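Read through the structure below, which is laid out as structure tokens, and then see the notes.
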Amino acid sequence: MTKSILYINGDGVGPELMASARSVIDELVDVEWVEGHAGYATFKQQGTPLPQATIDSARACDSVLFCAVTTPPNIPNYKSAIITLRQELDLYANLRPFDSLPNVSVPAWASGGLQQPPSASPLHFAIVRENTEGLYSSIEESDGQRATALRVITRHASERIVKFAFDYAKARKFSRVTLVHKANVLRKTDGLFLEAGREIAKSYARAGISCDDAIVDSVAMRLVKSPQDFQVIATTNLFGDILSDEASALIGGLGVAPSANIGEKHSLFEPVHGSAPDIAGRGIANPTGMLRSAAMMLERIGCKKEAVRLEKAIARAYEQRIVTKDVGGSASTAQMVEAIRANL
Ligand code: NAI
Ligand code: MG
């Protein structure tokens, strides 16, 4: 049966990258596209960054493909559409796989060019970030002199995120999950996360998946020094947010990293990057993060073969060096997408 996909262009580079992704998906499978609106442009037109109609469509469709939205800094009480959408759909797991691409090494982002890789072997690991609580509980107060934010950790959310990480490890033939925390200082909150995680880990030992844990600050260092140490990282919301942006630099920068937001009922796929207003409309945005997210979505809706074809076609464009400037090439978005389509 034809699957229905809600697509949300968002702001900045969103519309151009989404158009590319849709054209590539249309080459591979028949899907029913449903348009949804969200973001700053939507706020300016409709008075809300996330209309109820978009939430309703997201619930009704088989999956959601999202680019990025701009969150204006100076509008009080403005809440990012993507954060609200994750909460509304209870997309509790944020999955970010990090896989090296041919001819891109690190930090291509900083240098804008190709460089020697820091490690001889290609990277292949994933970060699974809890997406609904932690320091992003939205419970914050300030009296102008003292401000507090409540870091909420529950056993329920800790168990389900660690279980998600182990199931992912099992499906992808990883052999270890690392619980990343700061339980030496945050004894109650991360103590609970760790205790719940270790309990879940026991039932996967038989399947040959081991569990270890590491303190977040040392993980930040080891990601730069020896990223091959890691297979699947499971962690709380803020730590996962920071570590995953750091990790994207190891594979070529924000332009190449994809992500999935997964819940019991719903799923949403989006590149890790934001709306990149500095390059919007110039036709130079890297479509890789968007297209890799599309490949993850295809797999989720049961089109595994097509997902693999897309991933291979993307990798081939890197072999051919038909890539955008941020990863050392000189192609426009359109030229790179055309090469990927031809490689399908
Ligand atoms: P950003 O990810 O949009 O951009 C950071 C840097 O990466 C910029 O120099 C940009 O040009 C570059 N970049 C991003 N995507 C790229 C691509 N596909 N190809 C080549 N270069 C790329 O983050 P920034 O600048 O902090 O935020 C801009 C806006 O995006 C803000 O309003 C922010 O709130 C929003 N944002 C939205 C997210 C979402 O919708 N999930 C996530 C992160 C930021
Ligand atoms: Mg982030």
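Fair warning: this is a prediction, and the values are worked out from it, not measured in the lab. Computation of the quantities below employed the complete heavy-atom set of this structure, encompassing side-chain atoms and omitting hydrogens, waters and symmetry-equivalent molecules. Each ligand, and each atom within it, is numbered from 1 in the order the structure gives.
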Under 4.0 Å between heavy atoms, the region of L254 that gets near ligand 1 turns out to be side chain
- [ ] Run the contact test for G289 against ligand 1 with a 4.0 Å cut-off on heavy atoms, strictly below, and give the result.
- [x] no
Between W33 and L17, is there a shared hydrophobic cluster once you connect ILVMFWY residues whose side-chain heavy atoms come closer than 4.5 Å?
-> yes
Closer than 4.0 angstrom, basic N to acidic O: yes or no for R146 and E140? no
Within 4.0 Å of some non-hydrogen atom of G255, the atoms of ligand 1 are 17 (C), 18 (N)
Requested in this report: Output yes when R155 and E195 qualify as a salt bridge under the 4.0 Å nitrogen-oxygen rule, no when they do not.
Outcome: yes
**Prompt:** Hey, does the side chain of R129 reach the backbone of I242 with a donor-acceptor pair shorter than 3.5 angstrom?
**Reply:** no
- Query: Can a donor-acceptor pair be found between the side chains of S226 and D229 at a distance below 3.5 Å?
  - Reply: yes
A student checking ligand 1 against P277 at a 4.0 Å heavy-atom cut-off should list atoms 28 (C)
Return a yes/no value for E270: is any of its N or O atoms, backbone included, closer than 3.5 angstrom to an N or O of ligand 1? yes
*asked:* In this structure, would I8 and L65 fall into the same cluster of hydrophobic residues linked by side-chain contacts under 4.5 Å?
replied: no
Among D278, I83, N261, T71, closest by heavy atom to atom 11 (O) of ligand 1 is D278
* To do: Work out whether the distance between some heavy atom of V13 and some atom of ligand 1 is less than 4.0 Å.
  => no
A student checking ligand 1 against A285 at a 4.0 Å heavy-atom cut-off should list atoms 19 (N)
Should V69 be counted as touching ligand 1, given the test is an N or O pair under 3.5 Å?
-> yes
Counting only nitrogen or oxygen atoms and a 3.5 angstrom limit, does F66 reach ligand 1? no
The side-chain hydrogen bond (donor to acceptor under 3.5 Å, both in side chains) partners of Y204 (sequence neighbours excluded) come to D167
The atoms of ligand 1 lying under 4.0 Å from a heavy atom of I279, numbered in the order shown, are 11 (O), 19 (N), 20 (C), 21 (N), 22 (C)
Only one of D190, D213, T236 passes side chain to side chain donor-acceptor pair (under 3.5 Å) with H181, and that residue is D213
Ranking V256, N286, I82, D326 by closest non-hydrogen atom to atom 39 (C) of ligand 1, top hit is I82
**Prompt:** So, for Y78 and F43, is the gap between ring centers shorter than 6.0 Å?
**Reply:** yes
Among P287, S275, G253, the residue with a heavy atom nearest to atom 29 (C) of ligand 1 is S275
request  = Find out whether the Lys NZ or Arg CZ of K170 is both under 6.0 angstrom from the six-membered ring centre of Y168 and within 45° of the ring's axis.
outcome  = no
#### Entry: R86 N/O under 3.5 Å from ligand 1 N/O
no
A68 heavy atoms within 4.0 Å reach ligand 1 at atoms 40 (O)
N or O contact, A276 vs ligand 1, cut-off under 3.5 Å:
yes
